[in-house]
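Structure first, then comments.
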Amino acid sequence: MSRVYNFSAGPSMLPEEVLKKAASEMLDYEGSGQSVMEMSHRSKVFDNIIKTAEKLLRELMNIPDNYKVLFLQGGASTQFAAIPLNFMNGSNKADYVITGQWAKKAFAEAQKYGDAKAVASSADKTFSYIPKLDKSMFRSDADYVYICMNNTIYGTVYHEIPDTGNIPLIADISSCFLSEPIDVTKFGMLYGGAQKNVAPAGLTICIIREDLLGNARDITPTMLNYTIHADANSLYNTPPCYTIYICKLVLEWIKELGGLEKMKERNEKKAKLLYDFLDNSKMFRGTVVPEDRSLMNVPFVTDSDELNAKFIEEATKNRLVNLKGHRTVGGMRASIYNAMPYEGVEKLVKFMSDFEKTNS
Ligand SMILES: *Cc1c(COP(=O)(O)O)cnc(C)c1O
């Protein structure tokens with residue numbers, strides 16, 4: 001067996017320890033005589049899995065008791081509609097900050113349901129920075145303010161949480177989930193698809209302040225109503241049981257390593273190695289302004305499309321895979337989520353350095 005270093009933006013690498021544990025428990029989970037894939041979501045065994053996952057998530061992220069944790073399906077993209085349906089319920093106004101494709105899609109969906117306004121955008125420079133925000137930019141009667149915390153495609157991140165005063169702040173954290181500590185109390189809702197940093201595809205985790213629940217619009221589909229899922233402890237219908245189980249294993253892995261402070265340290269060390277190389281290279285350069293650089297997604301380019309293509313092809317032959325950038329940025333993107341080992345980034349940087357010598 002020989003595994004590649006997978007730099008995909010998502011689905012992405014899972015910790016090898018987690019995959020091995022899952023393999024060892026595949027046929028007989030803790031003496032139940034079945035795989036987690038096969039068991040009833042109403043069984044005692046599964047109840048213990050989902051409760052443990054929630055407990056670990058609360059512990060690692062320091063989630064206060066007045067927040068609900070929901071394990072849902074439909075991906076982050078389903079929340080783009082669920083959020084306005086559940087929370088555009090006062091003035092029908094919501095303010096969006098447009099920092100890339102995912103924020104744009106969420107904004108477009110919200111416009112279907114009410115007065116969604118783009119209060120700031122970094123589209124003018126291909127989303128290579130985070131717009132400077134000020135409390136005065138938000139409408140004081142907005143039902144919520146929406147941001148995409150880490151912009152997977154463009155490689156930017158909010159290093160500071162915007163101050164929205166009394167207006168609930170909602171953030172998509174799909175691509176930075178569990179990558180470093182985050183102050184949950186600053187948000188009305190945090191949510192993300194699991195397939196970048198938490199589990200395989202199929203699970204979306206929503207963390208919602210309780211007082212915001214209970215006012216979904218009448219037309220809200222039952223399956224998009226957060227209150228229904230909160231009241232049923234995420235068991236209104238069949239949840240993605242196996243993905244929740246892997247999520248539990250990933251959370252145990254993070255806890256074992258020392259929690260989110262430790263995760264942040266590891267991620268900073270990996271990102272620094274790559275950014276330092278990019279800053280000193282004459283062939284490669286990062287596409288994001290240094291102060292807004294993501295720890296998770298690192299887009300970079302050379303000045304030649306031909307060279308970019310050659311790089312990606314040769315990297316793949318060297319088992320460094322999925323380095324092609326998003327079509328709107330071009331070039332390359334290395335996604336270095338929690339599960340990417342330091343050695344993977346080391347191998348990438350060594351390969352880039354060799355490539356630069358050979359091709360210049
Ligand atoms: C991947 C991603 C999404 C889309 O997630 P799905 O689960 O595929 O709907 C949304 N937002 C961000 C920030 C992402 O990285």
Side-chain angles (χ1 to χ4, degrees), residues 6-14 70-85 96-110 116 121-123 126-131 144-159 161-162 169-180 182 187 189-207 221 223-224 226 229 234 239-240 242-244 246-247 250 267 288 292-299 322 324-329 333-340:
N6 178 8
F7 294 90
S8 169
S12 40
M13 290 182 76
L14 285 163
L70 307 181
F71 295 101
L72 307 176
Q73 304 196 51
S77 302
T78 297
Q79 314 317 312
F80 297 168
I83 286 164
L85 282 164
Y96 280 69
V97 182
I98 312 300
T99 51
Q101 304 285 345
W102 297 119
K104 217 154 93 180
K105 283 187 175 168
F107 174 56
E109 202 70 8
S121 165
S122 50
T126 328
F127 302 114
S128 57
Y129 69 103
I130 298 287
Y144 61 86
V145 171
Y146 182 99
I147 61 168
C148 180
M149 194 83 184
N150 184 80
N151 295 280
T152 325
I153 294 172
Y154 300 97
T156 60
V157 70
Y158 287 81
H159 285 295
I161 300 169
L169 177 62
I170 296 180
D172 176 354
I173 55 167
S174 294
S175 51
C176 57
F177 226 129
L178 299 169
S179 63
E180 58 181 313
I182 185 166
F187 298 87
M189 170 177 176
L190 288 167
Y191 78 97
Q195 68 273 23
K196 274 89 192 218
N197 236 352
V198 186
L203 171 66
T204 310
I205 300 177
C206 297
I207 302 162
M223 281 297 290
L224 298 193
Y226 294 133
H229 292 290
S234 302
Y242 196 76
T243 310
I244 292 169
I246 301 286
C247 169
V250 170
N267 288 328
V288 168
D292 297 328
R293 284 169 167 176
S294 164
L295 287 182
M296 298 282 98
N297 310 98
V298 184
N322 290 321
K324 196 171 183 335
H326 192 268
R327 61 187 181 281
T328 56
V329 187
R333 170 179 48 175
S335 295
I336 48 176
Y337 297 116
N338 287 352
M340 172 62 66

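Order of listing sets the numbers, starting from 1, for every ligand and every atom in it.
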Notebook entry, point to check: Heavy atom under 4.0 Å from ligand 1: found in Asn150's side chain, backbone, both, or neither?
Noted result: backbone

Check: Quick one: does ligand 1 sit under 4.0 Å from the side chain of Ala201, the backbone, both or neither, non-hydrogen atoms only?
Finding: neither

Suppose we measure from [atom] to each protein heavy atom; which comes out shortest, and what is that distance?
{"atom": "atom 9 (O) of ligand 1", "answer": "Ser77 OG, 2.6 Å"}
{"atom": "atom 11 (N) of ligand 1", "answer": "Asp172 OD2, 2.6 Å"}
{"atom": "atom 1 (C) of ligand 1", "answer": "Lys196 NZ, 1.3 Å"}

Pull out every atom of ligand 1 sitting under 4.0 Å from any heavy atom of [X], numbered as shown with elements.
{"X": "Thr152", "value": "12 (C), 13 (C), 14 (C), 15 (O)"}
{"X": "Cys148", "value": "13 (C)"}
{"X": "Gly75", "value": "7 (O), 9 (O)"}
{"X": "Gln195", "value": "5 (O), 6 (P), 7 (O), 8 (O)"}

Margin query: Is the ring pair Tyr191/Tyr146 parallel, tilted or perpendicular, if the boundaries are 30 and 60 degrees?
Written below: tilted

Notebook entry, point to check: Would a distance-only check, ignoring hydrogens and angles, find a side-chain to backbone donor-acceptor pair under 3.5 Å from His229 to Leu224?
Noted result: no

Next item on the list: Among Thr328, Asn297, Asp292, find the residue that satisfies the side chain to side chain donor-acceptor pair (under 3.5 Å) test when tested with Tyr154.
Entry: Thr328

Next item on the list: Return yes if a side-chain donor-acceptor contact under 3.5 Å exists between Asn151 and Thr156, otherwise no.
Entry: yes

Next item on the list: Would you name the heavy atoms of Ser12 and Ser8 that are closest together and state the gap between them?
Entry: CB-O, 3.5 Å

Checklist line | Closest heavy-atom pair and its distance - Tyr226, Cys206 | finding: CE2-SG, 4.1 Å

Check: Are Asn267 and Tyr337 close enough, and set up right, to give a side chain to side chain donor-acceptor pair (under 3.5 Å), and what steps lead you there?
Finding: CA-CA 8 Å; Asn267 288 328; Tyr337 297 116; over 6 Å; no

Check: If we only count N/O pairs under 3.5 Å, is Ala76 in contact with ligand 1?
Finding: yes

